[in-house]
Amino acid sequence: YQVKAAFLFNFAKFVEWPTNEFPDANAPLVIGVLGQDPFGSHLDDTVRGERINSRPLIVQRYRNIAEIKNCQVLFISGSESGHLDQIVDHLKHRRILIVTDVDGGNGGVIIRFVKEGNRIRFKIDAQAAKAANLTISSKLLRLG
């Protein structure tokens, strides 16, 4: 999950959100984790002191979808795999980059981690990104 933490940070660098997604010019970019946190301190360590487009990054952890207010990147943990379709359906009208490493999601998961051999890779669903009104850099699309 140390590698996945670095990926989440880098995904945020290559995605554009509509300008009205943030409450003000100084609002942080929030990377959220829904469910049991598999990252330990790796995600916090990865984003500590970092900025994207002059916005500070913060990590929020959520026990349920009702807690998600202001979040731009959301990693849905494997502990939520039994509810993934419902979670994605609930969030599909939000401008959130939904990332997970479990199957499912009714076509609303934008980036899915996959393991190929001993390497972590990712697949991007460009249609899901478009539906969420997010613009993914062509550099990231070529890698996914």
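Both backbone and side-chain heavy atoms feed into the values below; hydrogens, waters and symmetry mates do not. If you're wondering where the values come from, they're calculated on a predicted model, not measured in any experiment.
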If every non-hydrogen atom of Gly104 is compared with every non-hydrogen atom of Asp85, which pair is closest and at what distance? C-OD1, 3.7 Å
Partners meeting ring-ring contact (aromatic ring centres under 6.0 Å, His included) with Phe22 (sequence neighbours left out): none
Can you hop from Leu43 to Ile111 via hydrophobic side chains spaced under 4.5 Å? yes
Would you say Val73 and Phe9 make side-chain contact, with heavy atoms under 4.5 Å? no
Which heavy-atom pair separates Ile52 from Ala12 by the least distance, and what is that distance? CD1-CB, 3.5 Å
Same cluster (ILVMFWY, side-chain, under 4.5 Å), Leu29 and Leu8: yes
If I compare all heavy atoms of Glu80 with all of Leu34, which pair ends up nearest, and what's the gap? CG-O, 3.7 Å
Which residue pairs pass the side chain to side chain donor-acceptor pair (under 3.5 Å) test with at least one member in residues 31-40, sequence neighbours excluded? Asp37-Arg61
Run the ring-ring contact (aromatic ring centres under 6.0 Å, His included) test against Phe7 and tell me which residues pass, sequence neighbours left out. Phe11, Phe113, Phe122
Honestly curious: do Val47 and Val99 fall in one hydrophobic cluster under the side-chain, below-4.5 Å linking rule? yes
Any side-chain heavy atom of Ile76 within less than 4.5 Å of one from Val102? no
Could you state the interatomic distance from CD1 (Ile68) to CD (Gln60), rounded to the nearest 0.5 Å? 10.5 Å
Walk me through whether Gln86 and Asp89 qualify under side chain to side chain contact (heavy atoms under 4.5 Å, CB included). CA-CA 5 Å; Gln86 296 92 335; Asp89 285 345; 5.7 Å; no
Donor-acceptor contact below 3.5 Å, side chain Ser79 vs main chain Gly35: no
Any Arg95 side-chain heavy atom under 4.5 Å of Leu134 side chain: yes
For Ile96 and Ala132, the nearest pair of non-hydrogen atoms, with its separation, is O-CB, 4.3 Å
Going through the distances and angles, do Asp103 and Arg112 end up as a side chain to side chain contact (heavy atoms under 4.5 Å, CB included)? CA-CA 8 Å; Asp103 291 332; Arg112 188 178 316 274; 4.1 Å; yes
Distance-only, no hydrogens or angles: does the Asn64 side chain make a donor-acceptor pair with backbone N or O of Glu67 under 3.5 Å? yes
Determine yes or no for a side-chain-to-main-chain donor-acceptor pair under 3.5 angstrom, with Asn53 supplying the side chain and Arg55 the backbone. no
Go through it in stages, so that I can follow the logic: the residues are Asn118 and Glu116, the test is side chain to side chain donor-acceptor pair (under 3.5 Å), and I'd like the CA-CA distance, side-chain angles, deciding distance and then a yes or no. CA-CA 6 Å; Asn118 60 355; Glu116 291 180 358; over 6 Å; no
Are Ile124 and Val114 linked, directly or through intermediate hydrophobic residues, by side-chain heavy-atom contacts shorter than 4.5 Å (ILVMFWY only)? no
Show your working on side chain to side chain contact (heavy atoms under 4.5 Å, CB included) between Asp44 and Phe39 and close with a plain yes or no. CA-CA 9 Å; Asp44 298 282; Phe39 295 101; over 6 Å; no
Expected output: side-chain Arg94 to main-chain Lys69 donor-acceptor under 3.5 Å: yes
Distance from Leu74 atom CG to Ile65 atom CD1, nearest 0.5 Å? 10.0 Å
For Tyr62 and Cys71, work out which heavy atoms get closest and say how close. OH-CB, 3.7 Å
Taking C-beta and beyond as the side chain, do Phe14 and Leu97 meet within less than 4.5 Å on heavy atoms? no
Which pair of heavy atoms, one from Val33 and one from Pro38, lies closest together, and at what distance? CG1-CD, 4.2 Å
Between the main-chain N or O of Gly108 and the side-chain N or O of Asn106, is there a donor-acceptor pair closer than 3.5 Å? no
Side-chain heavy atoms of Leu57 within contact of Val59, under 4.5 Å: no
Side-chain contact test, heavy atoms from C-beta onward, threshold under 4.5 Å: evaluate it for Ile136 versus Val15 and give yes or no. yes
Is any side-chain heavy atom of Val88 less than 4.5 Å from a side-chain heavy atom of Thr100? no
If you define the side chain from C-beta out and look only at heavy atoms, does anything of Lys92 sit under 4.5 Å from Ile98? no
